[in-house]
There are 2 protein chains.
Amino acid sequence: MTTIRDVAKDAGVSAATVSRVVNGLLGYSEETRQRVEEAVLRLNYETDFMARGLKTRQTSVIGLLAPMVSDALASEVMRGVEEAAREHGYAVMLGRTGSQSVFIDGYLRTLRTYRAAGVILISAVITQEMRQLLGPNIPVISVAISDRSGPPSVSIDDERAAYDATRHLLSLGHQRIGLLAGDPTSIYVAHPRQRGYERAMSEAGRTPVVAHGTFFYDSGAPGLDDLLRQEPNLTAVFAVSDEMAAAVVNELQERGRRVPDDVSVLGFDNTSTSQHVHPPLSTVAQPLEDMGKTAVNKILRARDLGPRIMPHSIISRGSTSPPHQ
Amino acid sequence: MTTIRDVAKDAGVSAATVSRVVNGLLGYSEETRQRVEEAVLRLNYETDFMARGLKTRQTSVIGLLAPMVSDALASEVMRGVEEAAREHGYAVMLGRTGSQSVFIDGYLRTLRTYRAAGVILISAVITQEMRQLLGPNIPVISVAISDRSGPPSVSIDDERAAYDATRHLLSLGHQRIGLLAGDPTSIYVAHPRQRGYERAMSEAGRTPVVAHGTFFYDSGAPGLDDLLRQEPNLTAVFAVSDEMAAAVVNELQERGRRVPDDVSVLGFDNTSTSQHVHPPLSTVAQPLEDMGKTAVNKILRARDLGPRIMPHSIISRGSTSPPHQ
DNA sequence: TTGTACGCGTTATCAT
DNA sequence: ATGATAACGCGTACAA
């Protein structure tokens, strides 16, 4: 390992001067710069992040915490985070929060002792205790979830997006539209989406039909069953995740109903899952990768607080059409 | 920030003693231990990883490099890595290698300066230059790819798995079986799988029918087209990734052929994708999560070199059946 | 069993 | 413009 002192000796200057040259600060002559840079190259010197972190009390590490590290939504966000972080010379430290956020405390402690530059939370919001654990100097950003009263976040307007999506189905001519909603404990995501749906339905003078799932694939088939029990003649199902929507498409076909001829299906998130079913899912797109990048940029510009609302859009693929008469 | 000296002062001992207690070493009385532990709790002391790393020249960081951070196979491995790392008190640093491994050099440098305990490469093998960049002290493990001549790796026996899978289709009664192979540049994954298929076919006296894809969804439909052009009466397609297999299922249905009644489809990897199509994919399972855990354990036991071959298995779901007469 | 003293690599500060 | 020095927080010989 080459140290800064080795370089200093080789170039015939002090360690302080080497540091100045390497970090592009002021205070050295052109000739000194040349000698130092030569020595750096010859000795293959590289800054030791540990030593720097010890001194500066900050490292170029961004913490990234997801409920599962293997679901499609988090994957898309992670991709954006990784890219933006890399471009700015930051490293990403990955953690799984677990379903009940059981692991999150440990990770926050770790990130504090590593002096992370910031923490990005996917599909989770920060609580008082979490803030405590992390200390006051590390910014936290939530992604894909909007607690607008709280700390900075990057998300779409879920209520508005669900409203627009329901209006879209209504404008296609559907009247009996079922909602496969999310986990009722998910107050910052499932609730606004349900509100958006209910508002659009009530404005159109239609009766809401609602069943609850978990956002995951497995809850799609039972959710559909619940909806059809309430209203056997549904012509459209709006599921608030692509996974549930995919399950609904497959279960409908299992029951001998065609998609979209008999029943239209609309998903949410525009993850890769939406392309894996047949017909491919129409869905409400969140710009997930972009949201990940935006979160990194927010951390790097620490003064940039407040919620950031990203645009949503509705993507029509094969799973929606006007209702068959 | 509470330092080790604060604790020492509070407990009326020296910093050295605190360190011994905290790290569970020998050399202190029971009474001292009690006082120290009380002080640690009261002052909320936590070891500073930067300072420790500076001294010990090692950090509890494991580098995890994947070709994309958002594909289903890598996600499963990541899940296992995260879990095993967390259980052992290690943090995971995430990076994307990029399609041509363009970003890998930068990450290896970073991991060296962070003094990572080890590096896990998903679907990639290490080269001489990479080894150079990383220095001699950081172990590297490849996962889901088997360069048996090389450094430690954790993978299945791809050749044998493809052989077994092809035998499985043959034993169902299929005779005209097409292979949708992987990217021909993938010599450590695509090649062995193709060899396994060809060996099984030749042993059975059948003519191989092969088309090449990229492992990704988009290459599934053109690959099927290629296969059907070569042999219009295929009764089974073996695609060497679930993504391609899913695309094949969907494209077959698009063309009016039923799965599995007209054509059976067999995938590879048993990722979540295999459950998202209808009918769900029969597939060759790799124990991906387990492979991630195994890789972490290999790093923690540095002497544990050599390749580790994990068991594969064939999972029958709805997409395969005996051929229809 | 316990404490002292030093070193790890960097950077801020102050002096020159 | 440059240098000397003192932290930063921890772990560990070595001494007591």
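Model, not experiment: these values are computed from the prediction. Only this structure's heavy atoms are used, side chains among them; waters, hydrogens and symmetry mates stay out. Lettering of chains follows the sequences in order, A, B, ..., and the numbering in each one begins at 1.
Rounded to an integer number of Å, the gap from CE of M50(B) to C1' of dA7(D) is 18 Å.
A distance of 12.0 Å separates CG of D158(A) from NE2 of H191(A), quoted to the nearest 0.5 Å. Separating the CE atom in M50(B) from the CZ atom in R57(A) is a distance of 10.5 Å, to the nearest 0.5 Å. Note that OG of S155(A) is 8.0 Å distant from CD of Q286(A), once rounded to the nearest 0.5 Å. One distance of note links CD of E83(A) with NZ of K293(A); it measures 4.0 Å at 0.5 Å rounding.
In this model, the phosphate group of dG3(D) is approached by a side-chain N or O of T17(A) to a distance below 4.0 Å at OP1 or OP2.
Near DNA chain D, defined here as any heavy-atom distance below 4.0 Å, there are no residues from residues 27-44 of chain B.
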- Task: Indicate for each nucleotide in nucleotides 7-16 of chain C, in 5' to 3' sequence, whether protein heavy atoms under 4.0 Å reach the base (B), only the sugar-phosphate (S), or nothing (-).
- Result: BBBBBB----
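At least one donor-acceptor pair closer than 3.5 Å links the side chain of T2(B) to the backbone N or O of L43(B).
Between L64(B) and the choices I120(B), V296(B), V143(B), the side chain to side chain contact (heavy atoms under 4.5 Å, CB included) rule is met once, by I120(B).
Between the side chains of R308(A) and N297(A), no donor N or O sits under 3.5 Å from an acceptor N or O.
Atom CD of Q58(B) sits in a crowded spot, with more than 12 heavy atoms from other residues, nucleotides or ligands closer than 6.0 Å.
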